[in-house]
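Below, all heavy atoms of this structure are taken into account, side chains as well, without hydrogens, waters or symmetry copies.
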4 protein chains.
Amino acid sequence: MTTTSQKLIRATELLLRRDGLARVTTREIARQAGVAEGALYHHFGDKAGLLHAVVEHSMGDFREVLENLPLKVGQGTVGKNLEHMLQAAFAFQFRVSPIVGSLLADHQLLARAREILRQRCIGPRRSVDVLAAYLQAEQRLGRVAAEVIPHSAAELLLASGFNAAMFDHFLARDMGPEAVCQRIKDSIQTLMSGLEPRCSVPPTVQHDRITER
Amino acid sequence: MTTTSQKLIRATELLLRRDGLARVTTREIARQAGVAEGALYHHFGDKAGLLHAVVEHSMGDFREVLENLPLKVGQGTVGKNLEHMLQAAFAFQFRVSPIVGSLLADHQLLARAREILRQRCIGPRRSVDVLAAYLQAEQRLGRVAAEVIPHSAAELLLASGFNAAMFDHFLARDMGPEAVCQRIKDSIQTLMSGLEPRCSVPPTVQHDRITER
Amino acid sequence: MTTTSQKLIRATELLLRRDGLARVTTREIARQAGVAEGALYHHFGDKAGLLHAVVEHSMGDFREVLENLPLKVGQGTVGKNLEHMLQAAFAFQFRVSPIVGSLLADHQLLARAREILRQRCIGPRRSVDVLAAYLQAEQRLGRVAAEVIPHSAAELLLASGFNAAMFDHFLARDMGPEAVCQRIKDSIQTLMSGLEPRCSVPPTVQHDRITER
Amino acid sequence: MTTTSQKLIRATELLLRRDGLARVTTREIARQAGVAEGALYHHFGDKAGLLHAVVEHSMGDFREVLENLPLKVGQGTVGKNLEHMLQAAFAFQFRVSPIVGSLLADHQLLARAREILRQRCIGPRRSVDVLAAYLQAEQRLGRVAAEVIPHSAAELLLASGFNAAMFDHFLARDMGPEAVCQRIKDSIQTLMSGLEPRCSVPPTVQHDRITER
DNA sequence: AATGAATGAGCTTTCATTCAT
DNA sequence: GATGAATGAAAGCTCATTCAT
């Protein structure tokens with residue numbers, strides 16, 4: 001059985017992605033959910049309340065993945081660990097991107113959202129901090145190069161996913177899951193190896209695998 | 001002398017950053033600019049027209065920097081070239097971030113903006129492509145490691161700046177120019193060196209390549 | 001044991017005085033009474049039905065006092081008889097003032113209330129008539145001056161109380177019982193003696209007892 | 001030429017008297033005034049603002065009459081002076097009665113109205129004070145009986161008019177101007193002469209003074 | 001070119017009322 | 001009798017846009 005609140009949250013997610021907050025009216029949400037407009041106010045107080053419920057719902061298992069990252073230090077390979085984390089991050093970022101965009105368009109909503117995120121220790125800054133801490137720990141074990149600035153690397157990795165989510169949204173394109181997966185792998189490979197030529201690797205090897213897209 | 005259109009564009013930029021599009025009314029824009037509401041319609045046709053004028057105005061010299069990037073191939077150092085490009089990119093991203101947010105909140109506006117950007121070859125995809133082409137060229141010269149996936153590296157670098165701009169906006173913080181400059185340098189250093197320990201570290205530790213497709 | 005209907009009536013009286021009908025919702029009434037909203041409809045049919053029950057309940061012993069007034073003709077003093085009657089009238093007027101206000105704001109409710117009052121011979125006009133009849137009877141006995149217009153005097157006396165009740169409500173002040181009592185006594189004294197100087201009383205006597213308030 | 005604001009004020013007065021505030025919608029006001037709903041907000045900010053404009057407009061020349069009352073001390077006859085003042089008072093009270101009633105139904109509006117009245121020194125208390133001061137001055141001249149309590153007499157007189165206005169409204173009756181005029185004259189005559197039989201009646205009958213405090 | 005009063009469609013929100021449990 | 005989630009009509013209000021001056 002789907003409850004009224006669930007119907008409303010699902011309808012809102014759908015419409016937000018399709019039309020953008022500014023075009024999504026409470027009337028339309030109720031219609032799409034197949035319930036009366038009043039139900040929205042009964043369950044969520046107001047439109048903003050519903051929006052925040054949608055954000056919560058969008059978090060999925062990202063939080064859990066974030067909490068477990070510290071346990072991975074020294075386990076498996078750094079690349080695999082990063083990959084797992086970024087998959088979860090991207091799923092989250094993809095779901096919230098329509099809302100984050102909308103919040104930037106309304107600073108009143110934004111202020112309210114910021115406060116909620118702060119209270120729950122789940123803001124964007126926190127993700128960066130957790131990832132940076134992980135990288136630093138691996139650095140101590142010698143599994144990450146000493147020259148690396150952990151915070152900077154963490155930003156680079158997470159920004160990549162967030163950016164991709166925003167672009168998908170911006171360009172109204174919809175990468176399939178395999179494309180997403182490959183994009184994440186590519187980012188990690190690039191960041192793992194670094195731009196500077198390695199001493200041992202002769203620069204004679206030409207490769208061109210990534211150019212046709 | 002400041003013309004009426006200039007006054008309107010400046011007022012809009014200010015209010016967009018301060019309050020977000022959803023809270024910015026034509027009345028408020030006119031008041032802030034010190035002109036009548038009707039003037040807005042004389043000069044820009046409608047509110048969306050004004051918005052697009054603001055985007056154009058926000059581009060600054062970024063376009064020029066982008067055009068000149070191919071000429072830098074093989075010149076100076078890769079790091080310096082990237083740094084110069086990212087500085088200009090960030091300045092642009094910082095200015096447009098309030099507008100990008102607003103566009104994501106209103107897919108009708110977004111569609112119109114997308115069309116304009118496509119016509120002018122100035123969309124976000126274009127920046128990535130130009131930067132990727134630059135990196136590939138440097139790679140052919142051996143100034144960038146062979147394992148690097150140019151497109152992926154370009155995304156990583158630009159995403160970093162865009163992300164930072166969005167976060168500044170999201171968190172209502174305002175990094176000073178020096179902090180911005182340092183952040184960009186850090187990103188480049190991190191990406192240049194790569195996460196994997198360099199040759200000096202005994203190469204016995206095998207790291208998993210994530211290239212299997 | 002307090003029944004559900006009693007709880008609802010009390011809650012309504014309280015909220016009506018505190019917030020005014022326009023701000024009193026059925027939900028709030030139910031909450032204050034500690035019962036479900038539906039109960040209101042079981043017991044009173046609709047919100048207007050509840051309101052009329054509150055009016056009935058507010059009548060207290062005023063009706064009885066009114067009925068007994070004719071029996072007082074020629075008994076005790078005119079002043080004491082009037083005082084007793086006005087005390088009861090004021091208590092009633094004080095209780096109904098929030099409701100009278102509300103009725104004046106909604107002529108649909110008002111029409112319904114008017115009908116009920118007419119059927120029960122308890123409208124405001126009836127009070128004036130009863131009091132006027134009493135004064136006329138006393139006039140025949142020579143205990144009230146012959147020049148007095150009984151209906152006019154009755155209006156003056158009742159208006160005074162109604163007015164005071166409305167003002168208490170309007171000014172959100174709350175005269176204590178002693179102040180009310182004194183005000184009624186003053187009104188009666190003033191009306192008893194009349195404004196015109198009495199032949200026998202020399203106007204040389206200065207008095208100033210009432211000026212500091 | 002009738003301006004938009006004037007049209008709105010007139011329409012509101014009409015509808016308020018006919019239907020009561022709770023039944024008067026902004027849509028209906030605009031329709032009756034023959035202007036767009038937005039005009040209401042352009043000129044008065046909100047519905048409450050319009051209401052206050054209606055009150056101001058309803059004041060007519062009452063304020064002026066009130067200001068001039070002190071100049072009448074010792075002039076003409078007390079009865080005529082009172083009559084003139086009460087005529088103006090009633091005209092005002094009659095016009096505002098629909099609004100006063102409505103305010104009592106909505107304490108939020110009421111609070112705002114109270115504040116405005118206080119700032120303008122034009123509340124109901126002020127009228128009583130001015131009239132009481134007049135009576136006291138006449139008392140010093142011996143033109144009003146020494147036993148009279150000026151404040152109480154002032155209340156009695158003004159309450160009479162306010163009450164009549166409320167009743168006209170409550171009973172949906174509409175006294176013609178002559179009836180109003182006569183009622184006012186009757187009230188004054190009654191209050192001038194007083195209820196107690198005059199000297200011609202043997203003063204042997206002791207009446208109880210109710211002054212003990 | 002510039003003005004700003006006027007417009008009115010459409011928004012979010014409220015709340016008396018119903019009805020399955 | 002009692003409950004309270006669900007309803008949906010209708011309210012106050014906003015704001016991009018027009019147009020006579």
Side-chain angles (χ1 to χ4, degrees), chain A residues 3-5 7-8 21-31 33-51, chain B residues 3-5 7-8 21-31 33-51, chain C residues 3-5 7-8 21-31 33-51, chain D residues 3-5 7-8 21-31 33-51:
Chain A
T3 69
T4 298
S5 347
K7 285 185 201 160
L8 282 165
L21 177 61
R23 299 270 156 197
V24 175
T25 66
T26 52
R27 214 184 294 284
E28 180 72 4
I29 291 172
R31 212 189 55 75
V35 302
E37 225 175 327
L40 191 162
Y41 294 88
H42 186 71
H43 288 280
F44 303 102
D46 64 1
K47 196 186 179 183
L50 171 58
L51 234 56
Chain B
T3 69
T4 297
S5 351
K7 283 185 202 162
L8 282 166
L21 178 59
R23 303 270 156 195
V24 175
T25 66
T26 51
R27 176 178 292 209
E28 181 72 7
I29 291 171
R31 212 188 55 74
V35 303
E37 231 176 320
L40 190 160
Y41 292 87
H42 269 295
H43 290 278
F44 303 102
D46 65 0
K47 198 187 180 184
L50 171 57
L51 231 57
Chain C
T3 69
T4 298
S5 349
K7 284 184 201 162
L8 282 166
L21 178 60
R23 302 270 156 196
V24 175
T25 65
T26 50
R27 175 178 293 210
E28 181 72 5
I29 291 171
R31 213 188 54 74
V35 303
E37 232 176 321
L40 189 159
Y41 293 87
H42 269 296
H43 289 278
F44 302 102
D46 66 1
K47 197 185 180 186
L50 170 59
L51 232 57
Chain D
T3 69
T4 298
S5 349
K7 284 185 204 161
L8 282 165
L21 177 60
R23 299 269 156 196
V24 175
T25 67
T26 52
R27 217 182 291 283
E28 180 71 5
I29 291 171
R31 213 189 54 75
V35 302
E37 221 177 328
L40 190 161
Y41 295 89
H42 186 71
H43 288 280
F44 303 102
D46 64 3
K47 197 186 180 186
L50 171 57
L51 234 56

Rounded to the nearest 0.5 Å, what separates atom [atom1] in [X] from atom [atom2] in [Y]?
X        : Y        : atom1 : atom2 : value
Ser5(B)  : His42(B) : OG    : NE2   : 12.0 Å
Arg27(D) : Glu37(D) : CZ    : CD    : 5.0 Å
Lys47(A) : Ile29(A) : NZ    : CD1   : 6.0 Å
Leu8(D)  : Leu50(D) : CG    : CG    : 6.0 Å

Output one letter per nucleotide in nucleotides 4-9 of chain E: B when a protein non-hydrogen atom lies under 4.0 Å from the base, S when only the sugar-phosphate is that close, - when neither is. BBSBB-
Roughly how many Å is it from [atom1] in [X] to [atom2] in [N], rounded to a whole number?
X        : N       : atom1 : atom2 : answer
Lys7(B)  : dA1(E)  : NZ    : C1'   : 12 Å
Leu51(B) : dT17(F) : CG    : P     : 11 Å
Phe44(C) : dT17(E) : CZ    : C1'   : 16 Å
Tyr41(B) : dC19(F) : OH    : C1'   : 13 Å
Ile29(B) : dA16(F) : CD1   : C1'   : 11 Å
Leu8(A)  : dT12(E) : CG    : P     : 14 Å
Lys47(C) : dA16(E) : NZ    : P     : 4 Å
Asp46(D) : dC13(F) : CG    : P     : 5 Å

Looking only at heavy atoms, which two atoms of [X] and [Y] are closest? And how far apart?
X        : Y        : answer
Val35(C) : Ala39(C) : CG2-CB, 4.2 Å
Tyr41(C) : Thr26(C) : OH-CG2, 3.6 Å
Ala30(D) : Ala36(D) : CB-C, 3.9 Å

DNA chain E nearest-nucleotide lookup for Gly45(A) and Arg23(A): closer to the 5′ end is Arg23(A)
On the nucleotide dC15(F), are OP1 or OP2 found under 4.0 Å from the side-chain N or O atoms that Thr26(B) carries? no
Walk me through it: do Leu51(D) and Leu21(D) pass the test side chain to side chain contact (heavy atoms under 4.5 Å, CB included)? CA-CA 9 Å; Leu51(D) 234 56; Leu21(D) 177 60; 3.9 Å; yes
Looking at dT12(E), dC15(F), dT13(E), which one has an atom nearest to any side-chain atom of Thr25(B)?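 When the side chain of Thr25(B) is considered, dC15(F) is the closest of dT12(E), dC15(F), dT13(E).
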Closest-nucleotide 5' rank along DNA chain F - winner of Leu40(D) and Leu21(B):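 It is Leu40(D), whose closest nucleotide lies nearer the 5' terminus.
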Wobble G-U and Watson-Crick pairs count when both distances are under 3.5 Å; given that, what is the 5' to 3' dot-bracket string of DNA chain E, with | for pairing to other strands? .||||||||||||||||||||
